[in-house]
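Heads up: numbering here begins at 1 and tracks the sequence. Counting starts at 1 for both ligands and their atoms, following the listed order.
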Amino acid sequence: MAAGLRSLPSVGELLNRPECAAAVAQYGHDLTVAALRSTLTDARAAMLENARAPDAMALAAAALARLLRDAQPLVKPVFNLTGVVIHTNLGRALLAEEAIAAAATAMREAMALEFDLGQGKRGERDGLLRKLLCELTGAEDATIVNNNAAAVLLTLNTIAKGREVVVSRGELIEIGGAFRMPDVMQRAGARLREVGTTNRTHARDYSEAITQRTAALMKVHPSNYRVQGFSSEVAGADVASIAHAAGLPFVNDLGSGVLIDLSGYGLAREQTVAEAVAEGADLVTFSGDKLLGGAQAGFIVGKRALIAQINKNPLKRVLRVDKIRLAATEATLRLYRDPTRLAQKLPTLRHLSRKRAEIAAMGQTLLPAARAAFTDYAVDVVDCESQIGSGAMPLHGLPSAALAFRAKSQAAVKSLAQRLRAEPKPIVGRIENGALLLDLRCLDDSAELATAFARFGKPA
Ligand SMILES: *Cc1c(COP(=O)(O)O)cnc(C)c1O
């Protein structure tokens with residue numbers, strides 16, 4: 001055995017092979033040497049388990065495979081065929097071409113980000129989007145931060161640090177990814193004053209909770225769940241009146257936050273940001289990359305004096321948005337100035353408003369390629385329901401269609417799901433009623449998926 005181990009070539013000998021010289025040219029000397037060392041270590045370990053000594057060619061090939069594998073980016077695109085349009089774990093909204101172009105320019109070039117071009121001196125980052133956000137929401141002033149979680153944190157830290165915020169028990173939500181409203185409030189330094197019960201909160205619950213310690217009244221969009229049956233909540237306009245009568249601000253966290261009425265696109269009617277502002281909210285917070293369809297961002301819009309206070313908070317600097325997302329956000333918001341063309345321009349809205357018939361037709365065109373590639377499975381086009389995702393309108397399913405893959409055993413279905421996720425561009429579906437469904441709602445390029453099917457399981 002020891003003699004066998006000694007028969008392995010050295011790193012230096014392997015480096016002299018032509019394929020390794022090519023690897024050095026491509027990946028650099030240090031990475032190639034490291035890959036050869038790791039490969040030799042593995043070979044020695046295998047030989048101690050009685051494997052035969054590999055020859056130099058096999059060792060070089062193994063090292064090259066290792067280099068290729070390690071060179072693959074981990075932040076990579078996938079086919080989102082889960083049926084969840086705004087999938088937080090798959091990166092939420094897909095941006096409009098206008099936003100992509102603006103972001104690319106911002107990456108490549110210097111930008112007048114905090115530079116007043118008129119005066120030739122330091123300017124204000126938020127000033128760039130203020131006018132647009134005010135126009136779209138009717139608010140007096142606006143600011144932008146990293147995401148809506150940051151918007152809520154910054155808002156409460158600014159106006160309620162060391163004091164109480166009154167919130168209904170029915171709105172103390174957990175959104176997933178460890179965003180729990182009570183925890184965020186606590187981290188903001190605000191004390192939560194829960195009122196009402198899980199299913200019912202009344203106007204008097206808010207008014208009776210107000211004391212010297214109260215900093216604000218708050219409503220939180222329930223997002224990903226609904227209380228149904230014997231339930232009641234207090235309308236934002238009424239909470240606003242109660243707050244204002246006591247000289248307190250009313251904060252409304254809308255979560256997803258829609259800028260326009262989406263019922264024309266086959267979605268549920270939701271209060272828009274402008275409506276929330278109009279009914280008396282002093283501050284409204286919402287996300288940039290949920291239903292709005294833009295880059296990750298959090299917006300705070302509302303009263304000028306409060307926004308000024310928020311902008312002075314040192315935490316604002318910690319939570320600020322970089323030039324790339326600022327550029328993408330501006331371009332996305334500009335699209336809302338012409339709502340008639342929005343569904344054409346915003347991929348999120350286009351995907352959300354797709355009709356089942358169109359999706360099913362796409363399934364039919366893909367069916368032959370799917371059947372040819374997956375001969376061990378029964379493949380059909382079936383009706384299914386997509387979801388909006390990211391906590392928006394959780395009870396509002398979207399009629400959709402999917403390629404369904406069935407097999408004799410559940411293990412075979414699971415194994416297919418796993419192998420599809422291991423493809424160079426992973427194909428992510430969902431398992432429902434024993435079948436693997438590839439919901440085609442978010443597929444833009446059916447030819448690309450057909451090609452992926454054809455090369456399924458073949459080495460790269
Ligand atoms: C999603 C959501 C948040 C968090 O927003 P992010 O943009 O994900 O940070 C906060 N509040 C509500 C009500 C939400 O739905």
**Message:** Once side-chain contact (heavy atoms from CB on, under 4.5 Å) is applied, do any residues pair with K425, and if so which ones, sequence neighbours excluded?
**Reply:** P77, F79, E448
**Request:** Using only heavy-atom distances, determine whether the side chains of E270 and H221 contain a donor-acceptor pair under 3.5 Å.
**Result:** yes
**Item:** Residue contacts for ligand 1, heavy atom to ligand atom, distance under 4.0 Å
**Value:** R92, N147, N148, A149, I173, I175, F179, V220, H221, S223, D253, G255, S287, K290
**Complete:** Residue set satisfying side-chain contact (heavy atoms from CB on, under 4.5 Å) with V318, at least two apart, ordered chain then number -> L315
**Message:** Determine whether T88 and R92 satisfy the following criterion, side-chain hydrogen bond (donor to acceptor under 3.5 Å, both in side chains), listing intermediate values before the conclusion.
**Reply:** CA-CA 5 Å; T88 296; R92 289 196 184 163; 3.1 Å; yes
Enumerate donor-acceptor pairs with a distance under 3.5 Å from any side-chain N or O in residues 414-422 to protein atoms, sequence neighbours excluded.
| from | atom 1 | to | atom 2 | distance (Å) |
| --- | --- | --- | --- | --- |
| S415 | OG | R419 | NE | 3.3 |
| R419 | NH2 | Y377 | OH | 3.2 |

**Message:** Counting neighbours of CG on N433 that are heavy atoms of other residues, nucleotides or ligands and sit closer than 6.0 Å, is the number greater than 12?
**Reply:** no
